[in-house]
Amino acid sequence: MPAPRNDFKQALNDGRRLIGCWSSFAEAITAEIMGTAGFDWLVIDGEHAPNDIRSVRDQLMALAHSPSHPVVRVPVGDTALIKMVLDAGAQTILVPMVDSAEQARDLVRACRYPPEGVRGVGAMASRATQYGTTTEYIQTADEQICLLVQVESRAGLAALDDILKVGGVDGVFIGPADLSTDMGYQGNSTAPEVRTAIADAMIRIKAAGKAPGILGTTDEARQAYLDMGAQFLAVGIDVMLLAQASRALAEKWRAK
């Protein structure tokens with residue numbers, strides 16, 4: 001039995017637009033709830049949420065029967081961390097702060113088995129192979145792994161064309177908050193100079209045959225990014241959604 005098909009990767013290859021959301025509570029039950037909402041993909045965030053490999057595994061299990069595809073963002077592009085996340089069953093990895101083609105090539109190798117990569121051959125005892133029942137996993141896993149890299153600095157933008165030449169990178173996600181801060185706008189991603197840089201990056205990503213992605217947390221930003229050509233667009237963060245809805249509800253009824 002081969003590795004399961006990565007429908008998210010196939011959809012990106014087909015040019016489909018996919019709408020996603022961040023999952024930042026680091027809890028299986030909230031991931032399961034988010035998995036019922038109808039998003040195409042959900043980010044299990046290992047960079048800014050309090051996740052470890054066990055909580056990542058538990059959220060992958062919670063989303064196993066959801067139509068929402070889990071994308072695991074590792075905190076840093078470390079080979080050992082990527083190996084653990086892949087063995088836990090992730091098929092799509094998002095890596096923050098990628099500033100060079102050399103970094104991107106290292107990440108591709110981390111996601112692949114030898115001889116093309118350096119992934120450790122131990123998955124037959126892990127969830128990735130359903131504990132040995134996916135007997136052809138090692139022979140077929142590489143082609144089903146989807147690698148998304150985040151470009152979110154001036155250095156990353158300067159190296160973008162070289163990053164885009166790296167085979168095995170399936171998509172590039174622009175981080176508007178980090179990019180705007182690095183550009184001197186302290187998180188103001190609506191600054192005209194930042195928007196111009198993002199739009200230019202989107203064009204270059206698409207022209208290179210990769211999928212451009214980004215996160216927007218307001219309707220204005222979401223529409224702007226769609227107009228720029230974002231193919232996989234995150235439209236919210238679960239923690240923000242709960243905070244905003246609960247505060248609005250409290251304010252409405254306290255005023256009665």
Side-chain angles (χ1 to χ4, degrees), residues 2-15 18 20 41 43-47 53 56 60 69-123 126-129 134 136-153 155-175 178 201-202 204-214 231-232:
R5 190 178 90 147
N6 187 334
D7 291 331
F8 176 86
K9 180 175 182 174
Q10 186 61 53
L12 291 185
N13 290 339
D14 292 343
L18 302 174
W41 55 286
V43 173
I44 300 172
D45 188 8
E47 183 182 15
I53 190 60
V56 168
L60 289 170
H69 179 81
V71 175
V72 177
R73 178 161 75 170
V74 292
V76 66
D78 178 78
T79 298
L81 287 174
I82 291 171
K83 176 173 66 175
M84 286 193 291
V85 168
L86 293 176
D87 282 356
Q91 287 190 297
T92 301
I93 302 289
L94 176 63
V95 183
M97 297 292 182
V98 177
D99 292 332
S100 71
E102 182 181 4
Q103 276 182 278
R105 285 190 288 269
D106 286 343
L107 295 171
V108 172
R109 286 193 289 270
C111 291
R112 294 184 174 183
Y113 285 117
E116 288 80 16
V118 297
R119 183 179 174 188
V121 185
S126 73
R127 185 174 176 273
T129 65
T134 307
E136 298 172 44
Y137 179 85
I138 291 170
Q139 296 88 343
T140 59
D142 287 0
E143 63 192 69
Q144 302 303 332
I145 301 301
C146 180
L147 174 62
L148 310 172
V149 301
Q150 286 189 240
V151 169
E152 43 193 344
S153 68
L157 287 182
L160 179 58
D161 290 339
D162 289 333
I163 292 170
L164 291 169
K165 294 174 184 175
V166 176
V169 171
D170 297 288
V172 177
F173 187 94
I174 303 299
D178 283 286
M202 293 277 192
R204 291 155 65 191
I205 296 164
K206 194 69 174 179
K210 311 288 187 181
I214 198 165
Q231 187 180 343
F232 62 107

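Worth knowing before you read on, the calculation uses all heavy atoms, side chains too, and leaves out hydrogens, waters and symmetry mates.
- The salt bridge (charged side-chain N to carboxylate O under 4.0 Å, His left out) pairs that include a residue from residues 82-93 are D87-R119, where partners are two or more places apart or lie in different chains.
- Atom SG of residue C146 and atom CG of residue L94 lie 9.5 Å apart, to the nearest 0.5 angstrom.
- Ring geometry, F232 versus F173: the interplanar angle falls from 30° to 60°, so the pair is classed tilted.
- Rounded to the nearest 0.5 angstrom, H69 NE2 and W41 CH2 are separated by 10.0 Å.
- Ionic pairing of D7 and R5 is present here: one or more N-O contacts between side-chain nitrogen and carboxylate oxygen are shorter than 4.0 angstrom.
- Note: T140 OG1 to Y113 OH = 9.0 Å, rounded to the nearest 0.5 Å.
- Across every non-hydrogen atom of V76 and L81, the tightest pair is CG1-CD1, 3.8 Å.
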**Asked** Would L160 and I205 count as a side-chain contact (heavy atoms from CB on, under 4.5 Å) if you check the C-alpha gap in whole Å, the side-chain angles of each, and the deciding distance to 0.1 Å?
**Response** CA-CA 8 Å; L160 179 58; I205 296 164; 4.2 Å; yes

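- Nearest heavy atom pair, residue A104 against residue V169, reads CB-CG2, 4.1 Å.
- A salt bridge is defined here as a Lys NZ or Arg NE, NH1 or NH2 lying under 4.0 Å from an Asp or Glu carboxylate O, and R112 with D142 fails to meet this definition.
- Heavy-atom contacts from other residues, nucleotides or ligands closer than 6.0 Å to CD of Q10 number more than 12.
- Here the side chain of D170 pairs a donor or acceptor atom with the backbone of L147 at under 3.5 angstrom.
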**Message:** Let's go through I145 and N6 carefully: what are the C-alpha distance in whole Å and the side-chain angles of both, what is the deciding distance for side-chain contact (heavy atoms from CB on, under 4.5 Å) to 0.1 Å, and is it a yes or a no?
**Reply:** CA-CA 7 Å; I145 301 301; N6 187 334; over 6 Å; no

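- Within the 4.5 Å cutoff, the side chain of Q91 has no heavy atoms near those of the K9 side chain.
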**Request:** Dump the intermediate steps for side-chain contact (heavy atoms from CB on, under 4.5 Å) on K206 and M202, then the final yes or no.
**Result:** CA-CA 6 Å; K206 194 69 174 179; M202 293 277 192; over 6 Å; no

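- Separation of atoms CD1 (I174) and CG (L157) is listed at 6.0 Å; rounding is to 0.5 Å.
- Between the S153 side chain and the G156 main chain, a donor and an acceptor come within less than 3.5 Å of each other.
- Taking each heavy atom of L86 and C111 in turn, the nearest pair found is CD1-CA, 3.9 Å.
- V95 has its side chain out of reach of Q150: every pair of non-hydrogen atoms, C-beta onward, lies at least 4.5 Å apart.
- Nearest heavy atom pair, residue L60 against residue R127, reads O-NH2, 3.5 Å.
- Within the model, atoms OG1 of T129 and CD of E136 stand 12.5 Å from one another, a figure rounded to the nearest 0.5 Å.
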**side-chain contact (heavy atoms from CB on, under 4.5 Å) evaluation trace for V98 with L107** = CA-CA 9 Å; V98 177; L107 295 171; 3.7 Å; yes

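- Contact detail for D45 and E47: the closest heavy-atom pair is OD1-N, 2.9 Å.
- Side-chain polar atoms of S100 and D162 form no donor-acceptor pair below 3.5 angstrom.
- Nearest approach of T79 to A110, heavy atoms of both residues: OG1-CB, 3.8 Å.
- P96 places a side-chain heavy atom less than 4.5 Å from the side chain of R73.
- Distance alone, capped at 3.5 Å, places no donor-acceptor pair between the Q144 side chain and the A3 backbone.
- Distance check, rounded to the nearest 0.5 Å: CG of L12 to CG of L148 gives 6.5 Å.
- With sequence neighbours excluded, the residues forming a salt bridge (charged side-chain N to carboxylate O under 4.0 Å, His left out) with R204 are D161, D200, listed by chain and number.
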